[in-house]
2 protein chains.
Amino acid sequence: MNTIDALPKAELRQQFNKTGLRFTPQREAVWRLFESDPAGFTIAQVTAVLAPQKIGQATVYRTIRALQDLGYLKWVHDRSGEHRFVASRPGHSHMLVCRLCSKAVECSDCDLSVLEKLIASQTGFAVEGHHLEFFGLCPECS
Amino acid sequence: MNTIDALPKAELRQQFNKTGLRFTPQREAVWRLFESDPAGFTIAQVTAVLAPQKIGQATVYRTIRALQDLGYLKWVHDRSGEHRFVASRPGHSHMLVCRLCSKAVECSDCDLSVLEKLIASQTGFAVEGHHLEFFGLCPECS
DNA sequence: ATCATTATTGATAAATGTTGTCAACTATGA
DNA sequence: TCATAGTTGACAACATTTATCAATAATGAT
């Protein structure tokens with residue numbers, strides 16, 4: 001229920017090529033890493049894990065940004081306030097982050113439109129979008 | 001309606017002293033800066049603005065962290081994804097950030113409990129808290 | 001008001017984190 | 001198979017954040 005389904009290699013290649021980017025072994029390795037753990041990783045962790053495979057840190061930075069732009073990576077915050085990246089699917093969604101195991105799951109169908117209307121009427125603010133992270137305990141850690 | 005009321009000097013001093021911290025001219029200068037602009041500042045901006053007053057960057061870092069711990073500073077994200085700090089009042093609240101003027105206003109009475117219950121029933125996730133930022137257009141920029 | 005205590009300051013260095021450069025390499029579409 | 005053009009990794013350059021420490025100054029007690 002939590003881990004997202006593995007992304008077919010062909011689909012990932014297609015996503016890269018669509019925007020003129022190339023599908024390289026290094027980029028696939030980075031993506032596979034994120035796919036392997038729903039808790040996600042910080043940039044430092046990714047470079048550390050992939051260093052033995054001789055993947056340079058510049059490549060890690062570039063790949064993470066590319067995956068972000070494609071919508072396959074979203075960020076959440078540690079309790080320490082640090083960025084952590086998590087595999088996801090393109091499109092808007094919210095993240096539920098477990099306080100204990102750090103696992104992050106997407107919550108895409110949670111509607112905030114009611115709240116946005118309330119805000120509009122109370123403050124005159126025309127809400128166009130939002131970033132929302134929940135933290136708490138996942139079913140396994142409860 | 002947007003800018004928060006100026007914080008009395010005595011109250012700020014009290015807040016610092018309460019936790020064993022001291023109320024110094026440097027710390028007051030940092031706070032006054034944040035109080036002066038509801039759009040907030042990045043750390044780099046604060047150090048740049050206060051450099052002529054001979055306030056070291058280490059002091060800026062320390063003071064911002066202290067103000068954060070006291071609850072008087074909250075962070076929001078730029079469109080570029082960067083941290084920006086904004087003056088606020090202690091306690092939980094959400095931030096409304098204007099896309100044009102970057103002004104940030106607090107929205108403390110927006111209830112997410114309904115949404116949290118919905119999430120709990122749908123995912124089994126026990127929500128304990130959240131971080132929520134809205135972006136859009138403030139009344140003046142609409 | 002004075003004083004001793006002890007947190008704070010600024011300068012500097014050290015440590016991290018991020019981006020730029022470029023020749024060699026390789027994925028891609030023709 | 002081939003030419004094109006994006007990609008790689010090593011390294012340098014740059015930016016950001018933290019640690020150190022002697023001198024200074026805010027605080028509570030007197």
Side-chain angles (χ1 to χ4, degrees), chain A residues 7-33 40-70 72-73 75-85, chain B residues 8-33 40-70 72-73 75 77-85:
Chain A
L7 190 63
K9 191 166 176 171
E11 185 180 334
L12 188 55
R13 162 178 281 118
Q14 200 176 30
Q15 290 298 320
F16 273 107
N17 292 347
K18 196 169 61 179
T19 42
L21 298 173
R22 292 179 180 176
F23 184 66
T24 67
Q26 291 89 341
R27 285 179 178 165
E28 183 177 7
V30 172
W31 169 249
R32 293 298 170 216
L33 180 61
F41 300 89
T42 63
I43 289 186
Q45 290 174 326
V46 175
T47 57
V49 172
L50 263 32
Q53 300 181 40
K54 295 280 185 309
I55 295 183
Q57 56 178 5
T59 300
V60 170
Y61 277 97
R62 288 181 290 226
T63 302
I64 286 180
R65 177 166 305 178
L67 285 169
Q68 256 193 298
D69 292 342
L70 290 175
Y72 286 96
L73 233 43
W75 51 263
V76 296
H77 282 93
D78 267 332
R79 268 170 301 297
S80 59
E82 276 187 334
H83 262 61
R84 212 167 72 238
F85 294 94
Chain B
K9 191 166 177 169
E11 184 180 335
L12 187 55
R13 162 179 281 117
Q14 200 176 31
Q15 290 298 320
F16 273 107
N17 293 348
K18 195 170 59 178
T19 43
L21 298 173
R22 292 177 180 178
F23 185 66
T24 67
Q26 292 89 339
R27 286 179 176 165
E28 183 177 8
V30 171
W31 169 250
R32 293 296 171 218
L33 180 61
F41 300 89
T42 63
I43 289 186
Q45 289 173 329
V46 175
T47 57
V49 172
L50 295 181
Q53 299 181 41
K54 294 280 183 308
I55 295 183
Q57 56 178 5
T59 299
V60 171
Y61 277 96
R62 288 181 289 226
T63 303
I64 286 180
R65 178 166 304 177
L67 285 169
Q68 256 193 298
D69 293 342
L70 290 175
Y72 285 97
L73 233 41
W75 51 262
H77 282 94
D78 266 333
R79 269 171 298 298
S80 59
E82 276 187 334
H83 262 61
R84 210 167 72 241
F85 294 93

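Order of the sequence lines fixes the chain letters, A, B, ..., with proteins taken first and strands second; residue numbering starts at 1 for each chain. The shown structure was predicted, so the numbers you read here are calculated from the model rather than taken from an experiment.
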Within 6.0 angstrom of A:R32 CZ, more than 12 heavy atoms from elsewhere: yes
Taking the side chain as C-beta and beyond, is there a heavy-atom pair between [X] and [Y] under 4.5 Å?
X: A:H83; Y: A:H77; value: yes
X: B:W31; Y: B:L73; value: yes
X: B:R65; Y: B:R62; value: no

When rounded to the nearest 0.5 angstrom, what is the spacing between [atom1] in [X] and [atom2] in [Y]?
X: A:F41; Y: A:T47; atom1: CZ; atom2: OG1; answer: 11.5 Å
X: A:F23; Y: A:K9; atom1: CZ; atom2: NZ; answer: 5.5 Å
X: B:I64; Y: B:D69; atom1: CD1; atom2: CG; answer: 12.0 Å
X: B:Q53; Y: B:Q26; atom1: CD; atom2: CD; answer: 9.5 Å
X: A:Q57; Y: A:T63; atom1: CD; atom2: OG1; answer: 12.5 Å
X: B:R27; Y: B:R22; atom1: CZ; atom2: CZ; answer: 9.5 Å

Side-chain donor or acceptor of B:T19 paired with backbone N/O of B:F16 under 3.5 Å: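 Yes; at least one donor-acceptor contact below 3.5 Å.
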Backbone N/O of B:T42 and side chain of B:Q45: donor-acceptor pair under 3.5 Å: yes
Residue mapping more 5' on DNA chain C - nearest nucleotide basis, B:K54 or B:G20: B:G20
Heavy-atom closest pair, residues B:A48 and B:P52: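 Shortest heavy-atom separation between B:A48 and B:P52 comes out as O-CD, 3.5 Å.
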Between protein and nucleic acid, restricted to nucleotides 19-24 of chain D and to nitrogen or oxygen atoms under 3.5 Å apart, what atom pairs and distances do you find?
none

For A:Q14, side chain to side chain contact (heavy atoms under 4.5 Å, CB included) partners two or more places apart: none
Short side-chain N/O contact from A:T24 to OP1 or OP2 of D:dG6, under 4.0 Å: no
Any A:R27 side-chain nitrogen or oxygen under 4.0 Å from OP1 or OP2 of D:dT7: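 Yes.
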[atom1] of [X] versus [atom2] of [N]: gap in Å, rounded?
X: B:Q26; N: D:dA26; atom1: CD; atom2: P; value: 8 Å
X: A:I55; N: D:dA10; atom1: CD1; atom2: P; value: 11 Å
X: A:W31; N: D:dT7; atom1: CH2; atom2: P; value: 18 Å
X: B:F23; N: D:dT27; atom1: CZ; atom2: P; value: 8 Å

Which atoms of nucleotides 12-15 of chain D (N or O only) lie under 3.5 Å from a protein N or O atom, and what are those distances?
none

DNA chain C contacts made by residues 43-53 of chain B, counting heavy atoms under 4.0 Å: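 Here the set is empty: none.
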A:T59 side chain, from C-beta outward: closest of D:dG6, D:dT8, D:dA26: D:dT8
Test side chain to side chain contact (heavy atoms under 4.5 Å, CB included) applied to A:L7 and A:Q15, step by step: CA-CA 11 Å; A:L7 190 63; A:Q15 290 298 320; 5.9 Å; no
Position toward the 5' end of DNA chain D (nearest nucleotide), B:L21 or B:Y61: B:Y61
Check against side chain to side chain contact (heavy atoms under 4.5 Å, CB included), B:L67 and B:F85: CA-CA 10 Å; B:L67 285 169; B:F85 294 93; over 6 Å; no
For chain A, the stretch of DNA chain C it reaches, first to last nucleotide, under 4.0 Å of its heavy atoms: C:dG17 to C:dT28
Rounded to 10 degrees, the angle between the two terminal axes of the helix from C:dA1-D:dT30 to C:dA30-D:dT1, each from five pairs: 60°
